[in-house]
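Take a look at the structure below.
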Amino acid sequence: MFALVDCNNFYASCERVFNPALNGKPIAVLSNNDGCVIARSNEAKALGIPMGAPAFEYKHLFLKHNIHVFSSNYALYGDMSSRVMSLLANFSPDIEIYSIDEAFLKFEGFQYFNLQEIGEIMRKQVIRGTGIPISIGFAPTKALTKVANKIAKKFTERTQGVYIIDTEEKRVKALKWTAIEDVWGVGRKHAKRLRALNINNAYQFTLQSDDWVRKHMSVIGLRLKHDLEGKPTLNLETPNTKKSIATTRSFEGMITDYAALQERVATFAVSCAEKLRHQNSHTNAVMVFLHTNGFRKDLPQYYRNVVIKTENPTNSSFDLIKTAHKALESIYKKGLHYKKAGVIVMNLTPEDQKQFSLFSHENPKHQPLMAIVDRLNASYGNNKVKFGSQSLGRQWKMKQERLSPRYSTHINDIIRVKV
DNA sequence: TCTGGGGTCCTCCACCTG
DNA sequence: TCTGCAGGTGGAGGACCC
């Protein structure tokens, strides 16, 4: 059996842990730059705040219903997530941390155990240890645990937050209850196509032939179908090093100036280089992209990206800045209003599998220098050491007007109790 | 005025090579 | 030397996830 553990309204729950006055109150958490709503408490959902809602369009509703709005506080959420995951790891040695708020666990050899009881103990321990409420779905396959989890969450009173699909009858009933667009792995496009063919729920989807599913939804769809049928196709995935690393940002305003874009791109390249060194990888291809503002129909639109190969596999900030600038130069068009840019490094190889070029050599000074930069940044805070092409004067800051304190990771933000 | 960021996998197609 | 075919590869784009 597999289990899927999902934290309920995770970001909103994190905000509540250190501010219990928020219990029962509507909460919305915003994306970077306070742009869109990316998490809502049940109360906020009930008030009609949709996922992805632009914050400025819903300002009046926030005020009207006294919705507590927060900028996203990833220092807090990341720390709370690792606490939850470490508690879950006590229940099974086979755990796959699927996202910041979800984990799959494998329960092998538990056929004589009462999974309902185990689930309820997990819930109690996590809420006692972290304050975060969770829901748990047990089933013979990963896709079915997603369905079971949804039922556990939807009918918390009846299920105690734990639901087990362990019979054919329960499987069929659960799949008939699950709307096609709610199936894990069926996105908006496929859901629309399936609905048009009168395939409205997960059960109807499993009744289609393998060939049909393979043809219309590729092997991914076919694997999903088998998993929903109760034939384990998807297994726990072991954590791999990343295959690509990206740093991309929307700007608070719009940028027309080439020098300002150069500075932003250099900063993104430095960030990618740091992430590369963190996982001991090198890249040999750097992609830079530029976007104008798609919402401004009155302005000319432009989207372009380019990939440039580096001379050698590298994770040096200097090399990546140089390559990213070369890429930017080739796609920059004067007179446009840019809203977003990003740097993505690809073709990552581990340290011990670097393939060198016959005709060019890496600068031997870079590696020790980068190690010192990383050490200084680790000791004195990120971005204390900057590179020449990054701005020393201007501080690019994300709009985060409603940021809560980093209660659990920053000594100055630690909670104070008056006695 | 204000609309996120970071990933993965698969398919299709053009191109190259034997 | 030319042509046709088959298989491999890499880039672009689409679909999905959180």
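Quick caveat: nothing in here was measured; it's all calculated off a predicted structure. No hydrogens, no waters, no symmetry mates; every other heavy atom, side chains included, goes into these values. Lettering follows sequence order; numbering is per chain, from 1.
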Looking only at atom P, what distance separates dC18(C) and dT3(B), rounded to whole Å? 25 Å
Touch class at under 4.0 angstrom, heavy-atom based, for Asp34(A) against every strand present: nothing
Remember a base hit wins even if backbone is also touched, and classify Val183(A) as base, sugar-phosphate or nothing at under 4.0 Å, heavy atoms. sugar-phosphate
Please work out which of the three classes, parallel, tilted or perpendicular, describes the rings of Tyr58(A) and Phe62(A), given edges at 30° and 60°. tilted
Sugar-phosphate, base or nothing in reach of Lys59(A), heavy atoms under 4.0 Å: nothing
When rounded to whole Å, the CZ to C1' distance for the pair Phe10(A) and dC17(C) reads 17 Å
Does CD in Glu329(A) sit with more than 12 non-hydrogen atoms of other residues, nucleotides or ligands closer than 6.0 Å? no
5'-most by nearest nucleotide on DNA chain B - Ser31(A) or Ile245(A): Ser31(A)
Would a distance-only check, ignoring hydrogens and angles, find a side-chain to backbone donor-acceptor pair under 3.5 Å from Ser81(A) to Ile100(A)? yes
Using a heavy-atom cut-off of 4.0 Å across all strands, would you classify Ser72(A) as base, sugar-phosphate, or nothing? nothing
Roughly, in whole Å, what's the span from CG in Asn9(A) to C1' in dC18(C)? 14 Å
Are any of the side-chain heavy atoms of Leu30(A) and Ser71(A) separated by less than 4.5 Å? no
Touch check for Ile344(A), heavy atoms < 4.0 angstrom, all strands: base, sugar-phosphate only, or nothing? nothing
So if I take residues 212-237 of chain A and measure heavy-atom distances to DNA chain B, which residues fall below 4.0 Å? Arg214(A), Ser218(A), Val219(A), Ile220(A), Arg223(A)
Step by step, work out the salt bridge (Lys or Arg N to Asp or Glu O under 4.0 Å) result for Asp210(A) and Lys225(A). CA-CA 8 Å; Asp210(A) 281 5; Lys225(A) 178 186 174 244; 2.6 Å; yes
Touch class at under 4.0 angstrom, heavy-atom based, for Lys399(A) against every strand present: nothing
With a 4.0 Å cutoff (strictly under), does any side-chain N or O of Lys309(A) reach OP1 or OP2 of dG11(C)? yes
Determine the Euclidean distance between corresponding P atoms of dC2(B) and dC17(C); express it in Å to zero decimal places. 30 Å
Grab the CD1-P distance between Ile308(A) and dG10(C) for me, whole Å please. 19 Å
Which residue, Phe56(A) or Ala246(A), contacts DNA chain B at a nucleotide closer to its 5' end, judged by nearest heavy atom? Phe56(A)
Centroid separation under 6.0 Å, is that true for the rings of Phe2(A) and Phe104(A)? no
For a 4.0 angstrom threshold against heavy atoms of chain A, report the outermost contacting nucleotides of DNA chain B in 5' to 3' order. dC2(B) to dT11(B)
Does the cation-pi check pass for Lys170(A) over Tyr163(A), that is, NZ or CZ under 6.0 Å from the six-membered ring centre and within 45° of its axis? yes
Taking NZ, NE, NH1 and NH2 as the nitrogens, is one of them in Lys59(A) or Glu401(A) under 4.0 Å from a carboxylate oxygen of the other? no
Parallel, tilted or perpendicular, judged at 30° and 60°: which one describes the rings of Tyr338(A) and Tyr332(A)? tilted
Any donor and acceptor pair, going by atom type alone, linking the side chain of Thr292(A) with main-chain N or O of Tyr302(A) inside 3.5 Å? yes
Whole-Å gap separating P (dC16(C)) and CZ (Arg188(A)): 8 Å
